[in-house]
Amino acid sequence: MITIKKTKTGRVLRDAVEELSDVDLSVCFQCKKCSSGCPVAKLVTTRPSEIMRLLHLGAGDELLSKDLIWTCASCETCSTRCPMGIDVAAVMDALRRLALERGAPKPEGNVPLFNRAFLKTVEAFGRSYEIGLITAYKLGTGKLMNDTEKFPAMLKKGKIALLPPRGADRKTVKRVFNKSKAGTGAKA
Ligand code: SF4
Ligand code: SF4
């Protein structure tokens with residue numbers, strides 16, 4: 001069951017999400033195809049179709065603390081499956097951006113830390129770099145030795161590269177990050 005509290009920020013949040021994502025939330029007819037294909041739906045308390053419904057009904061900024069916002073893998077399965085052509089993944093992006101802008105409390109757990117570590121490595125190397133990501137994440141958790149036994153097998157199977165990626169356009173990626181930080185008011 002979906003419950004929403006009547007808040008002053010409801011309409012404002014819906015407008016902001018529609019503007020940022022270029023999505024018309026009113027065309028969602030709750031078929032739930034987005035949720036049934038979402039790879040993280042079983043791990044979260046609020047699924048994509050529920051987020052869509054809550055937004056449409058006028059939920060306020062409390063929505064910005066939902067775990068899906070930070071668990072979403074941006075795989076875009078939801079957007080591909082939606083029979084109304086709604087870009088649900090863009091709605092998740094918009095909610096993440098608004099959560100940062102408005103300083104919404106983040107859910108417990110290490111998902112926000114993982115997100116930060118991932119973005120830091122992309123910003124630094126121009127592409128995803130697993131060793132950099134793992135190092136930043138482990139330093140953040142303080143559990144440096146967790147899962148280290150898997151490392152040799154992953155290395156052997158070529159799942160992890162020791163050296164940073166070559167050929168990345170670091171300057172352009174850096175510019176994108178700086179522009180994004182200027183837009184959200186985050187520190188460059
Ligand atoms: S798939 Fe599209 S129409 Fe169906 S619930 Fe999700 S967003 Fe709404
Ligand atoms: S983009 Fe996010 S919300 Fe959509 S299916 Fe992928 S993980 Fe789920």
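Counting starts at 1 for both ligands and their atoms, in listed order.
Of the protein's heavy atoms, Cys75 SG, 2.3 Å lies nearest to atom 6 (Fe) of ligand 2. In terms of protein heavy-atom proximity, atom 8 (Fe) of ligand 1 is nearest to Cys28 SG, 2.4 Å. Of all protein heavy atoms, the one closest to atom 7 (S) of ligand 2 is Ala73 N, 3.2 Å. Of the protein's non-hydrogen atoms, Cys72 SG, 2.3 Å is the one closest to atom 2 (Fe) of ligand 2.
Within a 6.0 Å sphere centred on CG of Asp147, heavy atoms belonging to other residues, nucleotides or ligands number more than 12. Crowding of Glu19 atom CD: a count of heavy atoms from other residues, nucleotides or ligands under 6.0 Å not exceeding 12. Atom NZ of Lys120 sits in a sparse spot, with 12 or fewer heavy atoms from other residues, nucleotides or ligands closer than 6.0 Å.
Within ligand 1, the atoms closer than 4.0 Å to a non-hydrogen atom of Phe29 are 3 (S), numbered from 1 in the order shown. Listed by number with element, the atoms of ligand 2 under 4.0 Å from a non-hydrogen atom of Ser74 are 1 (S), 2 (Fe). Atoms of ligand 2 lying under 4.0 Å from any heavy atom of Glu76, numbered from 1 in the order shown and given with element: 1 (S), 6 (Fe). Contact atoms of ligand 2 toward Cys78: 1 (S), 3 (S), 4 (Fe), 5 (S) (distance under 4.0 Å to a heavy atom of the residue).
Of all heavy-atom pairs spanning Ala16 and Arg102, the tightest one is CB-NH2, 3.8 Å.
With values rounded to the nearest 0.5 angstrom, Arg175 atom CZ is found 4.5 Å from Thr172 atom OG1. Remark: Lys159 NZ to Phe151 CZ distance equals 14.5 Å, nearest 0.5 Å.
Residue contact annotation: Pro83 has a non-hydrogen atom under 4.0 Å from ligand 1. The shortest separation from a heavy atom of Arg81 to ligand 1 is not under 4.0 Å, leaving the residue out of contact.
Residues Leu68 and Arg47 are not in side-chain contact: their nearest non-hydrogen atoms beyond the backbone lie 4.5 Å or more apart. Between Cys28 and Arg53 the shortest side-chain heavy-atom distance does not fall below 4.5 Å.
Within the coordination shell of atom 2 (Fe) of ligand 2, defined by N, O or S atoms under 2.8 Å, Cys38 is absent. The nearest N, O or S atom of Cys31 is closer to atom 4 (Fe) of ligand 1 than 2.8 Å.
When non-hydrogen atoms are compared, ligand 1 lies under 4.0 Å from the side chain of Val88 (C-beta onward) but not from its backbone.
Taking the six-membered ring for Trp and thresholds of 30 and 60 degrees, Phe114 and Phe118 have nearly parallel ring planes, at less than 30 degrees apart.
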